[in-house]
Protein chains: 2
Amino acid sequence: MNKRQTTLKDLAEKLNVSVATVSRALKDHPRISQKTKEAVWQLAADLDYEPNQLALSFRNRQMNAIGVVVPKIIYHLYATAISGIEDYANAQGYNIIICQSNESMEREKAIINELITSQVAGFIISLSSETNNFDHFTRLQKKGIPLVFFNRECEDVDADRVIIDNFQASYDAVDHLISTGCRRIAYMGGPAEVQISNHRLKGYQKALADNGITVDERLVQHCEFDKESVLSHARRLVYGPQPPEAILAFSDQIAINTMIACKERGLKIPEDVSIVGFNNEPVTELIEPPLTTIDQPGFLMGKTAAELLVRQIENSDTVIKPEKRILSSTLIIRKSTNRNRL
Amino acid sequence: MNKRQTTLKDLAEKLNVSVATVSRALKDHPRISQKTKEAVWQLAADLDYEPNQLALSFRNRQMNAIGVVVPKIIYHLYATAISGIEDYANAQGYNIIICQSNESMEREKAIINELITSQVAGFIISLSSETNNFDHFTRLQKKGIPLVFFNRECEDVDADRVIIDNFQASYDAVDHLISTGCRRIAYMGGPAEVQISNHRLKGYQKALADNGITVDERLVQHCEFDKESVLSHARRLVYGPQPPEAILAFSDQIAINTMIACKERGLKIPEDVSIVGFNNEPVTELIEPPLTTIDQPGFLMGKTAAELLVRQIENSDTVIKPEKRILSSTLIIRKSTNRNRL
DNA sequence: ATGAAAGCGCTAACAA
DNA sequence: TTGTTAGCGCTTTCAT
């Protein structure tokens, strides 16, 4: 029990050579005799020697770990993105430390602070919905710590980012709704601080304008992510004198809760109202009716973010101009928008 | 850019005192003069000093991090359990390093090995479905590294574990099915290596026996977690000459795919066949019909596992007898079992 | 071809 | 009350 790990010193003492020699032998250093090397290798195997990563990290003044900060891992997009990050990061020899901000800016700040003191090699971050102050990110940059945003980006900080074209995705979704004959189209947005929600709002507005439809401000809602908030905002839409003919939601969760409000109001989907979500969560094809939604490449998003981050980490001397990678998303058309009023 | 972190040495030099004095002053050591302390505190604040966790960990020969190894974080139970772990662990000053085995034993072994060399303080593990060899766990124990299993436990290793009473939960579910008039009841189990699947099988068998129902071995299936595997096993059940009147599934995902096979076969749920799942994933109340399922306290499971682990870590000198914490689960009855044949 | 020594940031036993 | 020293495990420069 509690057997100490074998160290270089242990090997050196048993072999009556110096620690330096053992260290070199293990890395197959050219100027160590074959005989010594073999003795070292043999003993290392016998004693189950494994280099102490913690000591290595300490010496390098940097952990071989990446800090990943996401709002919540139960959101399918983040769970899949994390797999993408892990996949690439592990292959490159990095562990990932996943932390959830739980949509709290304070928590996000605290996490980043802690991980800084742990000397993580870099950060991959998707903002909490509350985050409206960006000092903790600029602080990272001042310290020269690599940083990549994904999905929920931060326009005010000039860092690498991986996103989809939220404007276009939203534009296309609205365009699809219009093509099925809807004209009174509502937008159930996320919290007003979430920049991507606003990008989607812009796409929504532009699509309406391009089709000669006047934007009715009463059809735009900004809700929090909890069920109650969504329901209350959705009710404002559907219990009004003129319920919308279609609703574009910021996320599948919001779309689903909006569907609940619609059903509660007695509106049939898609006959009375069409619904479009965002993220293509697996649940969207299991509900009734299956939900039209925008598929985001979560795994690829994560993988790309990890690539950009590792690139930064491994080129910490050279200055790389921050890059914006825009991945393509796909509108998945299902029954929730399957009607034709034309 | 790339400004080095302030160290104790920096503070010491500026103040013309020794590093040791600074170190003590920062911890409010009783034998340092108030004057010195205040000077140190002031300068530390000015220079934004933060202790280097990596150096601390190195010195303690242990990271302030816990390794968490789960099959997949997209499974809702694990996502919620992780939140519970994170919650408690962070409060106790530990970070968590989450790794996914992706149901692969090789990956699980590799992860554990890596985290050992990183000197994590302990492990919280839920086995991959493939894991049928337990050397990597006994290795941890030989090294005296704290270990807690949760949900998918390992009976062959004597370690702390946090589980629900799978036998009882399954027994109760079958009992419920019988009470609604079903007698031909099938079990769609997980992979045969998954011990909790077998515990549930035992509960299923006992409930049948206790109600005077002969167990028909053809009604017991063991499938993998991918959709295709579930569908093919489910089809064996429903396309037979005598389809079951009810099906207990090892997980909600299996239950949902089984429902798909039932619908494909033209069986109505619950009129022709009742279905029960496991885990109470959020999706279960959104599908048609809503799924009867067993709710597991994921968050509490994680939190409890973290408690047990931290207890081990912080009492590494004393030997604590491994403990088995059994949390209670709840059968949530929904429409998928809402019929009465009696 | 090998060894000695310094140093990464911090703490603690021992000295003064 | 403060300083000196050694050491955690490893790499690397400089000697030999």
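Proteins get letters first, then strands, A, B, ... in listed order; numbering begins at 1 in each.
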Remember a base hit wins even if backbone is also touched, and classify [X] as base, sugar-phosphate or nothing at under 4.0 Å, heavy atoms.
X        : value
Ser18(B) : base
Val17(A) : sugar-phosphate
Arg59(A) : base

Residues 67-79 of chain A, side-chain donor-acceptor partners within the protein, below 3.5 Å, at least two apart:
unit_1, atom_1, unit_2, atom_2, d
Tyr75(A), OH, Glu103(A), OE2, 3.3
Tyr78(A), OH, Ser126(A), OG, 3.0
Tyr78(A), OH, Asn151(A), ND2, 3.1

For this session: Sequence neighbours left out, what pairs pass side chain to side chain donor-acceptor pair (under 3.5 Å) with at least one residue falling in residues 50-63 of chain A?
Result: Gln53(A)-Asn64(A)
For this session: With sequence neighbours excluded, give me every side chain to side chain donor-acceptor pair (under 3.5 Å) pair touching residues 297-307 of chain B.
Result: none
Problem set entry | Which residues share a side chain to side chain contact (heavy atoms under 4.5 Å, CB included) with Glu86(A), sequence neighbours left out | Asn90(A), Ile96(A), Cys99(B), Gln100(B)
Exercise. By side chain to side chain contact (heavy atoms under 4.5 Å, CB included), which residues pair with Pro191(A), not counting sequence neighbours?
Worked result: Ser129(A), Glu193(A), Val194(A), Glu224(A), Phe225(A)
Problem set entry | Which residues share a salt bridge (Lys or Arg N to Asp or Glu O under 4.0 Å) with Glu153(A), sequence neighbours left out | Arg161(A)
Problem set entry | Asp10(A): partners by salt bridge (Lys or Arg N to Asp or Glu O under 4.0 Å), with sequence neighbours left out | Arg4(A)
Exercise. For the helix from dA1(C)-dT16(D) to dA16(C)-dT1(D), what is the angle between the axes at its two ends, each from 5 pairs, rounded to 10°?
Worked result: 60°
Problem set entry | Lys14(B) atom NZ, over 12 foreign heavy atoms within 6.0 Å | no
Problem set entry | Outermost DNA chain C nucleotides near chain A [under 4.0 Å, heavy atoms] | dA1(C) to dG9(C)
Problem set entry | Interface limits on DNA chain D, where chain A has a heavy atom under 4.0 Å of a nucleotide atom | dG9(D) to dC14(D)
Donor-acceptor pairs under 3.5 angstrom involving side-chain atoms of residues 15-27 of chain A: please list them, not counting sequence neighbours.
unit_1, atom_1, unit_2, atom_2, d
Ser18(A), OG, Ala20(A), N, 3.4
Ser18(A), OG, Thr21(A), N, 3.2
Ser18(A), OG, Thr21(A), OG1, 3.0

Problem set entry | Those residues of residues 31-49 of chain B lying under 4.0 Å from DNA chain D by at least one heavy atom | Arg31(B), Ile32(B), Ser33(B), Thr36(B)
